[in-house]
There are 2 protein chains.
Amino acid sequence: MQFSKSTDYALHALIHLTLSEKDGHIGIKELAHTLGVSVSYLSKIMSKLRQDGIVRAVPGVNGGYELARPADEITFLEVIQVIEGREQLFECSNLHSQQHQLLSEEMAEVHLPKHRGSECLVKKVMDGAEEQLHQYLRQHTIQAVVDQALNRQHGFTSKK
Amino acid sequence: MQFSKSTDYALHALIHLTLSEKDGHIGIKELAHTLGVSVSYLSKIMSKLRQDGIVRAVPGVNGGYELARPADEITFLEVIQVIEGREQLFECSNLHSQQHQLLSEEMAEVHLPKHRGSECLVKKVMDGAEEQLHQYLRQHTIQAVVDQALNRQHGFTSKK
DNA sequence: TCTATTATGGATATCAAGTATCTACAATGT
DNA sequence: ACATTGTAGATACTTGATATCCATAATAGA
């Protein structure tokens with residue numbers, strides 16, 4: 001259970017775009033070189049971000065990428081979901097086992113027939129965990145990380 | 001990014017053991033049949049749980065598995081970490097890239113040389129997310145789920 | 001002690017996903 | 001037109017999850 005490297009590249013790429021906003025479009029070459037990853041691979045990742053409306057791509061001479069929206073409206077959760085997909089963290093594979101029924105439908109069936117389709121209690125706990133995670137990731141934006149980096153730099157220079 | 005099926009089986013197996021505590025040892029055959037999974041596969045999972053001191057195994061006639069500790073001392077987090085491993089959810093693969101340095105060491109190097117080895121800000125956010133997840137999973141025990149299942153059953157019967 | 005029962009650990013096979021690259025194609029500005 | 005730059009498809013490689021089989025070790029009961 002780990003986030004893929006693609007997610008890592010996507011997040012760092014967006015931070016680079018934010019920091020370079022004033023410079024206009026950033027080419028995939030520069031981006032790939034900065035992150036230390038091949039152009040071909042990063043292209044796939046940037047395509048996903050584009051398809052989801054997080055960045056804009058401009059082909060042609062002096063083309064490249066730029067943010068499609070302000071960095072403070074781009075949350076970690078959104079980026080992660082674009083790259084990792086939106087499947088649930090946990091799927092109960094015991095749907096037809098005795099065990100699963102014990103924890104949900106069987107009891108409902110015997111005592112309260114209308115209550116079919118109720119969820120496995122294990123899954124309920126895991127869904128709660130996922131919601132917890134999402135809440136946190138929704139609260140953190142690309143802009144927040146950039147601000148932190150700049151403040152840090154500022155803090156250091158002013159101390160000298 | 002998803003929890004493996006093994007985790008699902010492990011959690012359900014532990015719940016079955018908890019519910020059957022009074023019946024003494026539970027054989028791997030019964031366990032596997034209840035969960036709807038092969039004996040050979042479930043064996044590997046139970047072995048891990050045994051090696052980590054979550055269950056006890058007794059070989060020989062009338063042998064089988066039982067909980068090594070009270071179910072209210074077995075947290076979801078523990079079970080998940082045994083099965084999934086204890087690697088961090090997020091690893092920054094940009095350790096030697098310009099981007100990474102921008103977010104951590106480069107600034108520190110220029111302005112405050114002693115501050116080497118400071119972490120990437122992206123990773124800090126992700127580590128925070130992981131801690132959030134762990135906090136939640138630590139608060140939920142196998143016993144809690146079993147209690148919920150039994151209360152539900154009780155609630156239904158008393159209503160009739 | 002012998003035997004049936006049961007868990008253990010190693011070897012292995014299969015499959016899906018992540019990682020990574022190359023190439024032909026399309027769009028854009030000069 | 002033409003050089004530049006992103007897009008999309010095909011493909012190869014690696015890794016991890018899933019799953020099974022078999023030989024081995026340990027135990028209880030006759």
Side-chain angles (χ1 to χ4, degrees), chain A residues 1-10 12-13 17 23-33 35-68 80 82-87 89-91 93-94, chain B residues 1-10 12-13 17 23-33 35-68 80 82-87 89-91 93-94:
Chain A
M1 242 275 290
Q2 243 188 284
F3 286 107
S4 71
K5 288 187 183 180
S6 298
T7 294
D8 181 71
Y9 294 139
H12 278 89
L17 288 186
D23 305 336
H25 298 146
I26 308 297
I28 186 79
K29 272 186 197 170
E30 178 185 338
L31 216 45
H33 180 254
L35 301 188
V37 64
S38 80
V39 169
S40 343
Y41 184 33
L42 189 59
S43 292
K44 300 295 153 106
I45 295 167
M46 297 309 291
S47 280
K48 279 191 187 176
L49 294 178
R50 186 189 60 82
Q51 283 166 21
D52 249 72
I54 294 176
V55 301
R56 244 191 306 273
V58 180
V61 181
N62 295 325
Y65 293 98
E66 62 180 353
L67 296 184
I80 290 169
V82 168
I83 304 297
E84 306 272 336
R86 288 178 169 77
E87 295 140 6
L89 222 57
F90 184 83
E91 282 302 325
S93 48
N94 293 357
Chain B
M1 241 273 290
Q2 241 187 280
F3 286 107
S4 70
K5 288 187 185 181
S6 297
T7 294
D8 181 73
Y9 295 139
H12 278 90
L17 287 185
D23 305 336
H25 297 147
I26 308 297
I28 185 80
K29 272 187 198 170
E30 177 184 339
L31 216 44
H33 180 254
L35 301 189
V37 63
S38 80
V39 168
S40 343
Y41 186 33
L42 189 58
S43 293
K44 300 294 152 106
I45 296 168
M46 297 309 291
S47 279
K48 280 191 185 174
L49 294 178
R50 187 189 61 81
Q51 283 165 20
D52 250 73
I54 294 177
V55 301
R56 246 192 304 274
V58 179
V61 182
N62 294 326
Y65 294 97
E66 62 181 352
L67 294 185
I80 289 169
V82 169
I83 304 297
E84 305 273 335
R86 286 178 170 77
E87 297 139 5
L89 221 55
F90 185 84
E91 283 302 326
S93 49
N94 293 358

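The chains referred to below are lettered A, B, ... by the order of the sequence lines, with proteins before strands, and numbering in each begins at 1.
Sequence order on DNA chain D of the closest nucleotides to Thr7(B) and Lys29(A) puts Lys29(A) first from the 5' end. Annotation: of the two residues near DNA chain D, Tyr65(A) and Met1(A), the 5′-most nearest-nucleotide partner is Tyr65(A). When each of Glu84(A) and Ser47(B) is assigned the nucleotide of DNA chain C with its nearest heavy atom, Ser47(B) is the one assigned upstream, toward the 5' end. Nucleotides of DNA chain C nearest to Val58(A) and Val61(B) differ in position, and the one nearer the 5' end is that of Val61(B).
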- Message: side-chain contact (heavy atoms from CB on, under 4.5 Å), that's the test. Do Asp8(A) and Phe3(A) meet it? Break it down for me.
- Response: CA-CA 8 Å; Asp8(A) 181 71; Phe3(A) 286 107; over 6 Å; no
N/O-N/O pairs, protein side and nucleotides 19-24 of chain D side, under 3.5 Å:
from: dT20(D); atom 1: OP2; to: Ser38(B); atom 2: OG; distance (Å): 2.4

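Rounded to whole Å, atom C1' of dT18(D) lies 13 Å from atom CG of Asp8(B). Counting to the nearest Å, the P atom of dA17(D) and the CD1 atom of Ile45(B) are 12 Å from each other. His25(B) has its NE2 atom 10 Å from the P atom of dA7(C), to the nearest Å. Put simply, CD1 on Ile26(B) is 12 Å from P on dT6(C), counting in whole angstrom units. Here dA27(C) presents its C1' atom at 16 Å from CD1 of Ile28(A), a figure rounded to the nearest Å. Protein atom CD of Gln2(A) is 17 Å distant from nucleotide atom P of dA17(C), rounded to whole Å. A straight line from CZ of Arg56(B) to P of dT27(D) spans 14 Å, rounded to a whole angstrom. Between the CZ atom of Phe3(B) and the C1' atom of dG16(D) there is a distance of 16 Å, rounded to whole Å.
Annotation for Tyr65(B) and Leu17(B): closest pair O-CD2, 3.8 Å, computed over non-hydrogen atoms.
Here the OG-CD1 distance, from Ser6(B) to Ile80(B), works out to 12.5 Å after rounding to the nearest 0.5 Å. Here the straight-line distance linking atom OG of Ser38(A) with atom NZ of Lys44(A) works out to 10.0 Å at 0.5 Å rounding. To the nearest 0.5 Å, atoms CG (Asp52(A)) and OG (Ser47(A)) are separated by 11.5 Å. Taken to the nearest 0.5 Å, the NE2 atom of His25(A) stands 13.0 Å off from the CG atom of Leu31(A).
Using a 4.0 Å heavy-atom distance criterion, Gln51(B) is classed as a sugar-phosphate-only contact.
At the phosphate of dG6(D), neither OP1 nor OP2 sits under 4.0 Å from any side-chain N or O atom of Arg50(A). The shortest distance between the side-chain N/O atoms of Ser43(A) and the OP1/OP2 oxygens of dA8(D) is not below 4.0 Å.
Formation of a donor-acceptor pair under 3.5 Å by the His33(B) side chain with backbone atoms of Lys29(B) is not found in this model.
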